[in-house]
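Okay, structure first, notes after.
Since the structure is predicted, the reported quantities are computational estimates derived from the model, not experimental observations.
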Amino acid sequence: MSVQPAPTQTSGDPGRTPPSGSLQAGLKNRHLSMIAIGGVIGAGLFVGSGSGIAAAGPGILLSYALVGVLVVLVMRMLGEMAAANPTSGSFSAYADRALGRWAGFTIGWLYWFFWVVVLAVEATAGAKILEGWIPAVPQWAWALIVMVVLTATNLASVGSYGEFEFWFAGIKVVAIAAFIVVGGLAVFGVLPGSENHTAGLANLTGHGGFLPNGPGAILTGVLMVVFSFMGSEIVTLAAGESQDPQRAVAKATNSVIWRIAVFYLGSIFVVVTLLPWNDPAITARGSYVAALDSIGIPHAGEAMDFIVLTAVLSCLNSGLYTASRMAFSLGARGDAPASFARTNARGVPRAAILVSVLFGFVAVFFNYKWPDTVFAFLLNSSGAVALFVWLVICFAQLRMRGIVLRENPEKLVVRMWLFPYLTWATIALISFVLVYMLTDPAGREQVIMSVLAAVLVLAVALGRDRVTGRRGSADADAPV
């Protein structure tokens, strides 16, 4: 069974048909379920949460809750569109049809660029951990090994990607669940030897209050945690290669609330109740390691290194998959070389994978050679792409609801709540976060550089549309 990439249409270029080539429906329901769960648990949760706690105190819970609500609303909108029309291009394909070809082109390439940079970040992070375990192998060699192994996995078949991700995500889920259970028992003094934590709830207000750095710290925390949620949308791309995409998308969309509540809010709640928010160990050793150390769990650091490595490999695996499928979709719509949309006998878009990993290798090289200049530029210019993606999802959903109701109303099995009011409220909230980032020195640089990157890609899209438009309708269906 194969899933043909869905043709997309725009008002300016109707009836465009993708080039030949099809993806295989090789992802099982258990793969999709674990991809959906693991997609919201990134390495940033394990590594970056300590900085957020230090900045906002226990109020970081409100930061996570605010971003969590934002992600739930965005995923609901994306789920509505994906359930009606599952496709490997996901929001890029929907933007193409709802907003115009320029929108699908721009957000598709920006998203691809984001994940290519993420490949370099995660490969370097994983290499550092592995070098600590086996110093005889240099860090660059570990990064190369990790990238080659996961490239081979993605080239083998979509099923092998799904199987790897199933186990990677499973380890993350089990680790977070165990942390919440053990930490919760310690907070209330049920865990043997944790009697000193019976008053753990007092840490929520006992060191300068729930908001020790003022209410503004909540927004500061938002800026620090928002990007750790990136990846929740991967399941809508993967659904196009599943045997029952509509059911998979509906299930993932409906479960995103409890996933965020349990894994993010639950685990951070345990940290800020077990330890004072200003404990130096939170930033020095990491929030989860510090919490486990405080209740006497042996070898907490080593265990967390293994879990972080698993999260890094999971992010690498999914990042390469996501970048290649977005490139495949762009090729299928004529927005990238047609070779990107060709698949081999196993339904794998080999060219899209190899080009994505090639740029990932280049970014890794930049990270080692010029970490503070060239690679810093790459990081900053992709830093706000997540928020751009969410904005595009919102605006696309505003238009796609009418298109689906007009053409296939029976496919509207997932509906955005309180449409269109909550959609507009989400747009306002994302816009506010982007504007607030301009008041933060690090955030300002990310927004400005990301906007410049978006303007550059948009200029290419508009210039390309103008050139192809002059070719006449005879070439309307020809891939570019």
Self-check item: Counterpart residues, side-chain contact (heavy atoms from CB on, under 4.5 Å), relative to P420 (two or more places apart)
Solution: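 Scan of P420 (side-chain contact (heavy atoms from CB on, under 4.5 Å), adjacent residues dropped) gives L398, W424.
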Any donor-acceptor pair under 3.5 Å from [X] side chain to [Y] backbone:
X    : Y    : result
N317 : L313 : no
S431 : I427 : yes
W277 : H207 : yes
E165 : I35  : no
T439 : V435 : no
S356 : L320 : no
S160 : S157 : yes
S450 : V447 : no
S329 : M326 : no
R325 : G89  : no

Does [X] have any side chain to side chain donor-acceptor pair (under 3.5 Å) partners at least two apart in sequence or in another chain, and if so, which?
X    : value
E131 : Q139
Q446 : none
S255 : R259

What is the distance from atom [atom1] of [X] to atom [atom2] of [Y], rounded to the nearest 0.5 Å?
X    : Y    : atom1 : atom2 : value
I448 : M437 : CD1   : CE    : 10.5 Å
I176 : F179 : CD1   : CZ    : 7.5 Å
T423 : W417 : OG1   : CH2   : 11.0 Å
T322 : L237 : OG1   : CG    : 6.0 Å
T106 : L458 : OG1   : CG    : 4.5 Å
T236 : L32  : OG1   : CG    : 10.5 Å

Does the side chain of [Y] come within less than 4.5 Å of [X]'s, by heavy atoms?
X    : Y    : value
M416 : L73  : yes
L119 : F361 : no
E163 : R30  : yes
Y321 : E241 : yes
Q397 : F419 : yes
L62  : F210 : yes
V69  : L429 : no
I145 : V149 : yes

Closest heavy-atom contact between [X] and [Y]?
X    : Y    : answer
P212 : P58  : CD-CD, 3.9 Å
A281 : A290 : O-CB, 3.6 Å
L265 : A65  : CD2-N, 3.7 Å
A323 : W112 : O-CD1, 3.1 Å
F269 : L61  : N-CD2, 3.6 Å
V312 : A125 : CG2-CB, 4.2 Å

Report, as yes or no, whether the 6.0 Å neighbourhood of atom [atom1] on [X] holds more than 12 heavy atoms from other residues, nucleotides or ligands.
X    : atom1 : result
W167 : CH2   : no
F166 : CZ    : yes
Y368 : OH    : yes
F164 : CZ    : no
F359 : CZ    : no

Quiz item: Can you check side-chain contact (heavy atoms from CB on, under 4.5 Å) on K411 and N85, steps first, answer last?
Solution: CA-CA 8 Å; K411 290 188 175 182; N85 183 24; 5.9 Å; no
Quiz prompt | Pair Y111-E233, side-chain donor/acceptor within less than 3.5 Å | solution =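 Present: a donor and an acceptor within the cut-off.
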Quiz item: Can L379 and F366 be said to form a side-chain contact (heavy atoms from CB on, under 4.5 Å), step by step?
Solution: CA-CA 11 Å; L379 277 179; F366 287 155; over 6 Å; no
Quiz item: Looking at W140 versus F365, is the centre-to-centre ring distance below 6.0 Å?
Solution: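 No.
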Quiz item: What ring-ring contact (aromatic ring centres under 6.0 Å, His included) pairs are there with at least one residue in residues 54-74, not counting sequence neighbours?
Solution: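 Sorted pair list: Y64-Y264.
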Practice problem: Could you name each residue pair satisfying side chain to side chain donor-acceptor pair (under 3.5 Å) that touches residues 278-289, not counting sequence neighbours? | Solution: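 Non-adjacent pairs meeting side chain to side chain donor-acceptor pair (under 3.5 Å): S49-S287, S267-Y288, R285-D293.
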Exercise. List the steps and the verdict of side-chain contact (heavy atoms from CB on, under 4.5 Å) for L27 and Y161.
Key: CA-CA 9 Å; L27 292 176; Y161 155 73; 4.3 Å; yes
Quiz item: Could you go step by step and tell me if I430 and V74 meet the side-chain contact (heavy atoms from CB on, under 4.5 Å) rule?
Solution: CA-CA 10 Å; I430 297 171; V74 170; 4.3 Å; yes
